[in-house]
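Report on the following structure.
Residue numbers begin at 1 in each chain, while the letters A, B, ... track the order of the sequences. Values in this document were obtained by computation on a predicted structure and should not be read as measured data.
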2 protein chains.
Amino acid sequence: MEKKQRMSRRSEQMGDQIEERIVTGVYPPGMRLDETELASGFGVSRTPIREALIQLASAGLVEIRPRRGAIVAEIGQHRLYEMFEVMAELEAMCGRLAARRITESEQRALVAAHQACEAARDANDPDAYYQRNERFHHLIYAASHNVFLEEQATALHRRLRPYRRLQLRVRDRMGTSFSEHAGIVEAILAQDGEQAAARIRTHVVVQGQRFADLIASLPMLGSPSLA
Amino acid sequence: MEKKQRMSRRSEQMGDQIEERIVTGVYPPGMRLDETELASGFGVSRTPIREALIQLASAGLVEIRPRRGAIVAEIGQHRLYEMFEVMAELEAMCGRLAARRITESEQRALVAAHQACEAARDANDPDAYYQRNERFHHLIYAASHNVFLEEQATALHRRLRPYRRLQLRVRDRMGTSFSEHAGIVEAILAQDGEQAAARIRTHVVVQGQRFADLIASLPMLGSPSLA
DNA sequence: AACGGACAAATTGTATACAAGATTGTTATA
DNA sequence: TATAACAATCTTGTATACAATTTGTCCGTT
């Protein structure tokens with residue numbers, strides 16, 4: 001999990017900062033990202049900003065219309081549903097592979113992360129739960145022992161972060177989430193790949209009413225026909 | 001399938017051209033991509049080249065080492081296996097969804113594409129089969145009626161293109177491929193999602209000996225520990 | 001009053017100039 | 001002869017200047 005050694009490349013730092021502002025909602029969907037403005041705001045020239053925007057566009061966070069500037073990508077309900085559908089399947093795949101390939105130390109780490117979630121739930125601390133939940137899921141990605149899959153899952157998870165986050169405050173989502181985690185852990189430890197996959201699929205929000213609740217809780221909309 | 005209206009953005013054209021040269025092997029894995037050299041070669045300045053390289057790096061085709069230039073990404077055996085493993089699952093998901101959601105006109109198009117493959121096989125024309133096979137697969141992606149999934153599958157498919165291409169010349173792969181297609185079409189038309197998924201999983205090369213053959217047939221190697 | 005065209009302002013895309021770090025080759029010394 | 005340090009050169013990263021296209025406004029005409 002170490003990744004600090006390349007200091008150069010301002011454009012990357014810019015990219016990280018802009019991305020942070022996008023996923024935290026400081027730059028809301030649809031907002032125009034003026035190159036000159038961003039440049040003066042960050043105290044750099046347009047060049048690193050442009051390069052950062054191109055990267056973010058490749059990642060799908062912003063949309064660059066030729067000669068017409070960049071805007072924060074608007075994800076419509078429909079496309080959001082599609083992305084969660086894919087996310088569910090990617091995570092399910094991670095779970096299936098993890099059940100077959102997880103090592104003993106990874107098992108211990110997973111159980112520990114699960115217990116950490118339990119503590120956060122008991123303390124009724126959504127922020128803590130959110131972070132520990134992220135760790136829990138990431139441990140499953142890593143336990144798949146497919147680095148490429150892990151990367152893909154992490155990237156998509158990150159992209160869905162702002163939408164997922166709000167969802168934790170809805171209803172008794174924390175409690176539900178935790179008990180679902182329990183089932184997932186059990187299946188993985190039992191090396192039952194198919195059951196792990198099935199339970200993860202259910203866990204990810206795509207299912208029926210739960211997704212509708214998510215949609216309803218989102219302040220940012222975006223027209224459904226954007227996809 | 002129309003996408004021609006934005007003429008501006010040289011960097012995109014450069015990106016497409018460089019990408020083409022990468023996937024066709026003109027720029028082999030590991031090759032150094034000198035910005036100045038490329039710029040003068042394409043008759044443009046370094047700026048569009050740089051932007052193109054950044055995009056290609058985001059897509060995973062090139063690797064940019066800060067202050068040390070860009071090289072064509074080397075995909076080691078291990079990572080290649082991982083990518084095919086994910087590809088298989090993505091395609092399987094497409095098939096499962098397609099079985100449930102495919103429209104009648106899409107069914108006709110799929111059958112037509114399948115028959116076109118048959119003709120190419122009978123003519124023993126690998127190049128034609130290659131193209132029609134691509135179309136066949138893409139139709140399944142589209143029939144999933146999940147645009148995001150379709151995009152992801154298409155992107156990964158494209159990235160694996162150079163490796164897949166060589167594979168068609170191996171053995172009697174064309175004949176095998178076609179008969180597997182038949183089973184896939186049947187499952188989708190029968191709306192049997194699980195069977196379609198299973199057959200597609202088998203169809204994609206990851207399975208045992210077949211993947212070993214693929215590896216053996218690849219001139220470009222890349223160290224296995226790159227992942 | 002509304003529509004259309006032309007001009008003006010602003011913003012993106014590209015080229016070039018400059019700065020900073022990396023690589024390579026040379027030289028001196030052990 | 002080999003190694004280490006230094007210098008020269010080359011390449012990338014950033015800033016700025018310029019070109020081209022879009023957008024908005026104003027005025028004229030119908």
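- Taking every side-chain heavy atom of A/Ser45 into account, D/dA15 is the closest of D/dT11, C/dT14, D/dA15.
- Rounded to an integer number of Å, the gap from B/Ile71 CD1 to D/dT12 P is 13 Å.
- Atom CZ in A/Arg46 sits about 8 Å away from atom P in C/dG13, given to the nearest Å.
- Classified by interplanar angle (parallel below 30°, tilted 30° to 60°, perpendicular above 60°), the ring pair A/His181/A/His114 is tilted.
- A salt bridge links A/Arg96 with B/Glu89: the distance from a Lys NZ or Arg NE/NH1/NH2 to an Asp or Glu carboxylate oxygen falls below 4.0 Å.
- Listed nucleotides: D/dA15, D/dT12, C/dG13. Nearest to the side chain of A/Thr47: D/dA15.
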Pull out every protein N or O sitting under 3.5 Å from an N or O of nucleotides 23-25 of chain C, one pair per line with the distance.
{"residue": "C/dT23", "atom": "OP1", "partner": "B/Arg68", "partner atom": "NE", "Å": "2.5"}
{"residue": "C/dT23", "atom": "OP1", "partner": "B/Arg68", "partner atom": "NH2", "Å": "3.1"}

Quick one: do B/Gln152 and B/Tyr141 satisfy side-chain hydrogen bond (donor to acceptor under 3.5 Å, both in side chains)? Show the steps, please.
CA-CA 9 Å; B/Gln152 295 291 113; B/Tyr141 305 163; over 6 Å; no
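- Between B/Arg50 and the phosphate of D/dG13, there is a side-chain N or O to OP1/OP2 separation shorter than 4.0 Å.
- Atom C1' of nucleotide D/dT14 and atom CE of A/Met14 are separated by 12 Å, given to the nearest angstrom.
- Heavy-atom distances under 4.0 Å link DNA chain C to no residue of residues 52-62 of chain B.
- Going from atom CD1 of B/Ile64 over to atom P of D/dT12 covers 10 Å, rounded to whole Å.
- In this entry the distance linking CG of B/Leu33 with P of D/dT11 reads 14 Å, nearest Å.
- Atom CD of B/Glu51 is separated from atom C1' of C/dA15 by 12 Å (rounded to the nearest Å).
- If you take CZ of B/Arg32 and C1' of D/dT12, they are 9 Å apart, rounded to a whole angstrom.
- Side-chain atoms of B/His145 and B/Glu106 form a donor-acceptor pair, as typed in the model, at a separation below 3.5 Å.
- Residues from residues 35-44 of chain A placing a heavy atom under 4.0 Å of any atom in DNA chain D, listed by number, are A/Val44.
- Using a cutoff of 4.0 Å between basic side-chain nitrogens and carboxylate oxygens, A/Arg161 and A/Glu134 are not scored as salt-bridged.
- A/Arg10 has its CZ atom 10 Å from the C1' atom of D/dG13, to the nearest Å.
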Begin from the C-alpha positions of A/His157 and A/His138 and carry the test ring pair (Phe, Tyr, Trp, His ring centres under 6.0 Å) through to its verdict.
CA-CA 9 Å; A/His157 189 98; A/His138 190 81; 8.6 Å; no
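- Not one N or O on the side chain of A/Glu63 forms a donor-acceptor pair closer than 3.5 Å with the backbone of A/Ala73.
- Phosphate proximity of D/dT23 to A/Arg65: absent, as no side-chain N or O sits under 4.0 Å from OP1 or OP2.
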